Every structure is written in structure tokens, then in C-alpha cells.
Amino acid sequence: MDKSIKAAVAMLVAGVAVAANAQEVVKIGTMSPLSGPQAHYGKDNVTGVRFAVEDLNTQGVTIGGKKIKFEVVAEDDAADPKQGTAAAQKLCDDKVAAVAGILNSGVAIPSSKIFNDCGVPFITGAATNPELTRPGYPGVFRIIANDNALGAALAGYAADTLKLKNVAVIDDRTAYGQGLANVFKKDAGAKGVNIVASEFTNDKATDFMAILTSIKAKKPDAIFYGGMDAQAGPMLRQMVQLGMTNVKFFGGDGICTAELAKLATGTKTLGNVVCADGGASLAKMPGGIEWKKRYDAKNPGVFQVYSPYFYDATMLIVDAMKRADSTDPKKYLPELRKSEYNGVTAKIAFQENGELKVPLYTLSHYIDGKKTPIGE
């Protein structure tokens, strides 16, 4: 064999080796509060995305004839709409292929327009305000029940099961808290519940004595709080100080966390809490128990509420990429829209507006300081 043939063969072999080892890095974006009083949620959310990416990279995914290495690009939105929109733009600038993220509706709603404008599909497993999907952006999806379902479930339990007559409402004036409180007031009122007070605070407050003192004078059977656990915990402690130990305390998924028990520091009022999550309980999720064991083994003490949803959001995106045989959002988005994905949390399929076809919810209370689904 002469030298020229040897050289050609060597080049051919080298080319085959390069093709066999061709690898494409695909970035999955995520953002949540990684600083401030809601950072425990954010850490859990981002860890859910990272956990999915670790599983995917172990599987050795091939798309479009290339081995894919997935990378997570995480941004801190600090639960603040202004910082959130800046973070969303940064993810667009970083050329992420998709975004699985965002805790707060007040951040998700303005960020969704940015993702739509830059052509990046966005899935949330936590932001619940119905306004998120109202504009009809084709790349915006939610894999958790929205506030219409949660507010109605809590109102029904208050009126029909507990037979409560008088309820005071407080919200934190965020898109999430105010939106959920409004749904509860509307649905509870329709069931004959008397709303004896409507008060508001903010998502940075820790002193609620003046609001609670005013409410106490109206002798409510329960307080509904639209907001997060960082405020609900101190509120429960201050209710004890005011002797409001027989008053029920309702809230949505924002207070329905393991962290609430720590923030309430074992007060008697913790046992009066009824809260709603926008999905099945872990025990009733198709893969919940086994997934949680694996998650806790790798990430002890991190789990709060939403990580299985953000895990599923990430897996759902990659499932659509596989079916489209492309990581290009323009090519895989049509497949994402027609998903019928068997996830950890549920079988995920979407309505035309990006909402779940079959949204689920779970009501929980706290027994001996532990969040426990009602009836389980």
C-alpha cells in the first residue's frame, strides 16, 4: 500500500472516529429564587432540574445522530419580577434550548413574554396564576394545577367539609398570593361563607400583629392566607400570642411545605393548617415514592414541594427533542405540544393553551409537625 493510500485510510478512520464521538452540548435553563426568604424553594426547584440532567447524561441520549451532553444554566430571580425578567433575558442570551423553571407567578408572567419573543419553550412546575397561559404563547406550559383549581378545592373543603361560616382573608399582594386569595373569596362566597375581612401585607413582612388583632375582633372561624411559607410561619406564631389557637388557617401550595413546620416552630396553630398542592401527593404519583428515595439520597434535606415537577419538566422537554430528532426549539416545540408523557408526577398532556388536560390537587394538614395528605 503506497503512502497516499495509507494517508487516505488514516484520514477516513479518523473521520469515522470523530463522527462516532461527536457530541453536542445542549443547555437547559432554569430560574427560581436562590437568595432571600424563598431560597429553600428555589434550591429544590433547581436541584430537580439538575437531577433530571444527571439522569439524562447517564442514559447517553443521542439526537440527530449526535451524542448529547445536557448542561444546566441556573439564574437567581430572587422572587422579584424585575430581577426575574433580567434573568430570563440572560437565559435567552445564553442560547438555552428550553427553560424548566420559575417559582413565582409574578416572575413567570412577565418572563413568559421574553421567552416567547426569543423562541425558547418554557415549562413551569410551580407558578399557578391562570394569567400565565392567558396570552396563548405557543411555547408556554404548566404541569401543575392552577389557582382556579386550588382556590376552589380549599373553598369547598372550608364550606362543605368543615362547615365554616366566617373567614378572614389576607394576601401578600403578589400575582400568586392575591390571585389565589381572589379565587378563594369568590368560590367561598358562592358557597355561603361570609368573608369578614380582607387584609393585605407583602412578601417581605414578618410582623402581622396589627392585621391579626384587627381580624381577631371579627371572630373568624378561619384565616385564608394567599402567600408563601416565609410569612405564614411567623403569622401562625403570632396567632398563638393573640390567643387565636382555635382558628383554622388555609393556604395554597406556597405554604404547603416541610419548611412551614420549621418556620412555625411547633406552635399549636400548625395543627390548624389546611393547604393545597397542585398535584397528586407523592404516595399517589406514578413514580413519587421511588423518585423521592433517589432524590433524598443524593440531595438530603433539600426537598420541599416542586422538584418532582421540575424533574418532569426537564424530562418532558428532552422527550420532545427525541421525538423530533432535534434540539432546535422550532422543530421540537410541535412535539412538545402534543406530548403524552408518563412522568414521575402524572401522565402529562396539554390543552391548547398549555394547561394540563387533567390537573390534580392534594389537600394536606400537619400531624405531629409533619405535612400529611388529608385522608392518607
Side-chain angles (χ1 to χ4, degrees), residues 22-31 48-49 52-53 55-57 59-73 88-89 91-102 108-128 130-146 278-279 286 308-360:
Q23 187 178 69
E24 179 182 347
V25 173
V26 174
K27 298 177 182 179
I28 304 294
T30 186
M31 50 189 270
V49 176
V53 164
D55 281 352
L56 289 164
N57 285 338
Q59 292 169 13
V61 176
T62 299
I63 298 173
K66 294 180 181 179
K67 291 180 180 177
I68 304 297
K69 180 185 178 185
F70 294 98
E71 289 185 356
V72 177
V73 181
Q89 187 59 56
L91 290 177
C92 287
D93 295 342
D94 283 344
K95 306 297 184 186
V96 298
V99 173
I102 306 190
I109 292 168
S111 295
S112 66
K113 183 180 186 306
I114 292 172
F115 295 135
N116 178 69
D117 291 350
C118 74
V120 174
F122 159 52
I123 303 177
T124 182
T128 54
E131 292 297 322
L132 175 63
T133 57
R134 210 174 298 281
Y137 298 138
V140 173
F141 304 88
R142 176 172 17 229
I143 59 170
I144 197 166
N146 67 28
Y309 297 97
F310 287 107
Y311 178 93
D312 269 0
T314 308
M315 289 297 197
L316 185 68
I317 288 161
V318 176
D319 179 68
M321 290 177 175
K322 288 178 184 175
R323 287 185 282 117
D325 201 30
S326 175
T327 60
D328 181 348
K330 292 186 185 69
K331 294 180 180 178
Y332 81 75
L333 179 56
E335 293 297 327
L336 184 57
R337 292 186 62 79
K338 60 186 182 186
S339 293
E340 290 189 3
Y341 180 73
N342 292 309
V344 169
T345 59
K347 182 172 182 178
I348 299 169
F350 296 111
Q351 301 177 54
E352 186 63 29
N353 64 356
E355 297 279 6
L356 286 174
K357 282 185 178 178
V358 185
L360 303 172

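Please read all numbers here as calculations on a predicted model, not as lab measurements.
Each of Tyr341, Phe350, Phe115 was compared with Phe141 under the ring pair (Phe, Tyr, Trp, His ring centres under 6.0 Å) criterion, and only Phe350 meets it.
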Task: Residue pair Lys69, Asn57: steps toward the side chain to side chain contact (heavy atoms under 4.5 Å, CB included) verdict - done: CA-CA 6 Å; Lys69 180 185 178 185; Asn57 285 338; 4.3 Å; yes
Task: Step-by-step side chain to side chain donor-acceptor pair (under 3.5 Å) determination, Gln89 to Asp93 - done: CA-CA 6 Å; Gln89 187 59 56; Asp93 295 342; 3.0 Å; yes
- [ ] Report the C-alpha separation of Asp117 and Lys113 in whole Å, then their side-chain angles, then the decisive distance to 0.1 Å, and conclude whether the side chain to side chain contact (heavy atoms under 4.5 Å, CB included) test is met.
- [x] CA-CA 6 Å; Asp117 291 350; Lys113 183 180 186 306; 2.8 Å; yes
Task: Residues Thr327, Ile68; criterion side chain to side chain contact (heavy atoms under 4.5 Å, CB included); working and verdict - done: CA-CA 9 Å; Thr327 60; Ile68 304 297; 4.3 Å; yes
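Residues Thr314 and Phe70 are not in side-chain contact: their nearest non-hydrogen atoms beyond the backbone lie 4.5 Å or more apart. Side-chain contact between Ser339 and Ile348: absent, with no pair of heavy atoms (C-beta onward) separated by less than 4.5 Å. The shortest distance between side-chain heavy atoms of Val26 and Met321 falls below 4.5 Å. The side-chain heavy atoms of Asn342 and Pro286, taken from C-beta on, include no pair separated by under 4.5 Å.
Lys331 approaches Ala324 most closely through the heavy-atom pair O-CB, 3.6 Å. Counting all heavy atoms, side chain and backbone alike, Ile102 lies closest to Ser111 at CD1-CB, 3.8 Å. The two residues Pro121 and Leu333 come nearest to each other via the heavy atoms CG-CD1, 4.2 Å. In terms of heavy atoms, Ile317 sits closest to Ile123 at CG1-CD1, 3.6 Å. When all heavy atoms of Ala127 and Leu132 are compared, the pair lying nearest together is O-CD2, 4.4 Å. Here the closest non-hydrogen pair linking Gln351 and Lys357 is N-CG, 3.8 Å.
A salt bridge links Glu355 with Arg142: the distance from a Lys NZ or Arg NE/NH1/NH2 to an Asp or Glu carboxylate oxygen falls below 4.0 Å.
Although no hydrogens or angles enter the test, the distance criterion places a donor-acceptor pair under 3.5 Å between the side chain of Ser326 and the main chain of Asp328. Using a distance-only test at 3.5 Å, with no hydrogens or angles considered, a donor-acceptor pair links the side chain of Tyr332 to the main chain of Ala97. For Asp325 (side chain) and Gly64 (main-chain N/O), a donor-acceptor pair under 3.5 Å exists by modelled atom type. The backbone N or O of Tyr137 sits nowhere less than 3.5 Å from a side-chain atom of Asn116 that would complete a donor-acceptor pair.
Annotation for Glu352: atom CD does not count as buried by contact number, only 12 or fewer foreign heavy atoms lying within 6.0 Å.
Applying the ring-ring contact (aromatic ring centres under 6.0 Å, His included) rule to Phe310 yields no partners; only residues at least two apart in sequence or on another chain are considered. Qualifying side chain to side chain contact (heavy atoms under 4.5 Å, CB included) partners for Glu340, counting only residues two or more places apart in sequence or in other chains: Lys347, Ala349.
Asn146 CG to Arg134 CZ: the interatomic distance, rounded to the nearest 0.5 Å, is 9.0 Å. Separation of atoms OG1 (Thr133) and CG (Asn353) is listed at 4.5 Å; rounding is to 0.5 Å. To the nearest 0.5 Å, atom CD1 of residue Ile144 and atom OH of residue Tyr309 are 5.0 Å apart.
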